[in-house]
Amino acid sequence: MPKLMADPDVELWQALLEQIQAEGPEALAPLERIWENTMTELVQQRAEQAMNAIRRTETAAQLKSWVANPVSLEDGMEIIHRHFYPHLNFGSLVSVLLRWVSYLPAEKKKEAKTEEKIRLINHLLYDVKQLKPAEASESSLAPCFLSHALEYRRGSPVVQAGIFLLASYAFDLKVNPVRIPKGMLLRWDYEEEQGWNGNRLSYFVNPSEQGTSFSERELELYFRQSNQEGWMLEPVDVHPHVFWMKSWLEEMKAILEQKKTGPFLQDVQRFHLCVQGLEN
């Protein structure tokens with residue numbers, strides 16, 4: 001195969017590429033060996049092109065399957081992480097996060113009231129572990145990934161919300177993601193308090209601002225004072241995990257569009273369409 005891949009004939013390479021793609025994931029190991037053992041730049045480029053094409057197709061298929069049954073947020077996050085970091089041990093990352101929030105016994109976590117759970121998660125993530133937003137000068141995709149956020153304690157707005165969501169499951173806490181301009185909030189209901197119409201009052205946590213909590217009224221005032229007329233929260237009409245995934249990919253897409261990074265941007269665009277159910 002390396003000899004055929006070294007042939008400069010573009011049409012021959014396209015025909016060979018289609019054959020390689022048809023083999024699916026089974027072709028990845030031989031392609032990796034070719035990439036590692038050849039000194040020919042053209043062959044390396046073509047081996048990488050073929051591997052990326054196979055992984056892109058496999059990732060899209062896995063993502064579509066997950067969207068149809070998005071029970072676990074970790075599973076969805078792992079699909080994207082493994083696309084960009086094929087040899088990453090994603091389970092170890094989740095274990096690190098679970099150790100972060102293993103401060104209290106499971107019974108205590110479940111018995112605590114919602115407000116207490118929110119306060120505990122805030123304390124563990126932002127006071128103890130010092131989780132912070134990504135640097136303003138950071139323009140790469142790195143802060144969008146859990147591996148970077150846990151190692152350097154800095155993450156993008158949506159990935160910080162993802163960390164908070166994963167932590168909330170350990171506390172048997174229900175919070176739902178809500179997209180806002182340049183970020184993401186997590187919404188929760190305060191069971192001890194009701195509004196004038198008898199409905200539970202909703203409160204919000206902003207992971208990008210050290211877990212700051214505020215009411216819906218305070219949120220409205222904040223957006224009005226910021227002269228952001230479109231303060232209304234985007235309605236969540238899909239599963240919260242799917243909504244978070246869509247927002248995560250939108251965040252990555254916005255970064256890549258600024259950097260004009262072709263192949264990565266094409267991948268993220270395709271995955272974003274998958275999550276929206278727009279890709280056949």
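Contact check for Phe243 versus Pro177: side-chain heavy atoms found under the 4.5 Å cut-off. Between Leu88 and Leu93, the closest side-chain pair of non-hydrogen atoms falls below 4.5 Å. Contact check for Leu63 versus Ile80: side-chain heavy atoms found under the 4.5 Å cut-off. Considering only heavy atoms from C-beta on, Leu146 comes within 4.5 Å of Ile163 through its side chain. Between Lys253 and Glu257, the closest side-chain pair of non-hydrogen atoms falls below 4.5 Å. Residues His239 and Trp244 are not in side-chain contact: their nearest non-hydrogen atoms beyond the backbone lie 4.5 Å or more apart. In this structure, Val128 and His123 have side chains that are in contact, with non-hydrogen atoms separated by less than 4.5 Å. Between Ile255 and Cys144, some side-chain heavy-atom pair lies under the 4.5 Å cut-off.
Of all heavy-atom pairs spanning Trp13 and Ala50, the tightest one is CH2-CB, 4.4 Å. Nearest heavy-atom pair, Ser140 versus Pro143, reported as atom, atom and distance to 0.1 Å: O-CD, 3.4 Å. Scanning both residues, Val159 and Ala149, for their nearest heavy atoms gives CG1-CB, 4.3 Å. Among all heavy-atom pairs drawn from Ala161 and Leu186, the shortest one is O-CD1, 3.9 Å. Taking every heavy atom of both residues into account, Met184 and Pro207 meet most closely at O-CD, 3.5 Å. Shown here for Val67 and Cys274, the closest heavy-atom pair between the two residues is CG2-O, 4.5 Å.
With rounding to the nearest 0.5 Å, the separation of CG in Leu265 from NE2 in His272 is 12.0 Å. A distance of 7.5 Å separates CE in Met245 from CE in Met77, rounded to the nearest 0.5 Å. Gln269 CD to Met252 CE: the interatomic distance, rounded to the nearest 0.5 Å, is 13.0 Å. In this structure, NE2 on His241 lies 8.5 Å from CG on Asn176, to the nearest 0.5 angstrom. Atom CG of Leu131 and atom CZ of Phe164 lie 10.5 Å apart (nearest 0.5 Å). Within the model, atoms CG of Asn52 and OG1 of Thr57 stand 10.5 Å from one another, a figure rounded to the nearest 0.5 Å.
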Residues Glu251, Ser156; criterion side-chain hydrogen bond (donor to acceptor under 3.5 Å, both in side chains); working and verdict: CA-CA 8 Å; Glu251 183 178 63; Ser156 67; 2.7 Å; yes
Take Glu116 and Arg119, measure what side-chain contact (heavy atoms from CB on, under 4.5 Å) needs, and give me the verdict at the end. CA-CA 5 Å; Glu116 295 171 331; Arg119 193 163 53 245; 3.5 Å; yes
Determine, stepwise, if the pair Phe214 / Val205 fulfils side-chain contact (heavy atoms from CB on, under 4.5 Å). CA-CA 7 Å; Phe214 38 83; Val205 175; over 6 Å; no
List the steps and the verdict of side-chain hydrogen bond (donor to acceptor under 3.5 Å, both in side chains) for Gln62 and Glu58. CA-CA 6 Å; Gln62 292 170 7; Glu58 288 300 303; 4.6 Å; no
side-chain hydrogen bond (donor to acceptor under 3.5 Å, both in side chains) for Gln130 and Lys132? Distances and angles first, verdict last. CA-CA 6 Å; Gln130 296 289 303; Lys132 292 180 174 62; 3.0 Å; yes
So Arg179 and Val158, side-chain contact (heavy atoms from CB on, under 4.5 Å) or not? Walk me through it. CA-CA 9 Å; Arg179 196 82 163 103; Val158 178; 3.8 Å; yes
Leu173 vs Val175, side-chain contact (heavy atoms from CB on, under 4.5 Å): CA-CA, chis, key distance, verdict: CA-CA 6 Å; Leu173 173 65; Val175 291; 4.0 Å; yes
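Taking hydrophobic clusters as Ile, Leu, Val, Met, Phe, Trp and Tyr residues chained together by side-chain heavy-atom distances below 4.5 Å, Ile79 shares a cluster with Val94. Cluster membership for Leu124 and Val96, using ILVMFWY side-chain heavy atoms within less than 4.5 angstrom, is shared. Leu12 and Leu42 fall into different hydrophobic clusters, defined by Ile, Leu, Val, Met, Phe, Trp and Tyr side-chain heavy atoms under 4.5 Å apart, directly or through other members.
Without hydrogens or angle criteria, Thr212 side chain to Glu209 main chain gives a donor-acceptor distance under 3.5 Å. Side chain of Asn206 to backbone of Leu185: no donor-acceptor contact under 3.5 angstrom is found. At least one donor-acceptor pair under 3.5 Å links the side chain of Glu218 to the backbone N or O of Ser215. For Thr40 (side chain) and Val43 (main-chain N/O), no donor-acceptor pair under 3.5 Å exists by modelled atom type.
For the ring-ring contact (aromatic ring centres under 6.0 Å, His included) condition, the pairs that include at least one residue of residues 39-81, sequence neighbours left out, are His81-Phe90, His81-Phe145, His81-Trp248.
By the 30° and 60° cut-offs, the orientation of the rings of Phe271 relative to Phe84 is perpendicular.
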Under 3.5 Å, sequence neighbours excluded: what are the donor-acceptor pairs made by side chains of residues 19-35?
unit_1	atom_1	unit_2	atom_2	d
Glu32	OE2	Arg55	NH2	3.0

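Atom CD of Gln14 is surrounded by more than 12 heavy atoms from other residues, nucleotides or ligands within 6.0 Å.
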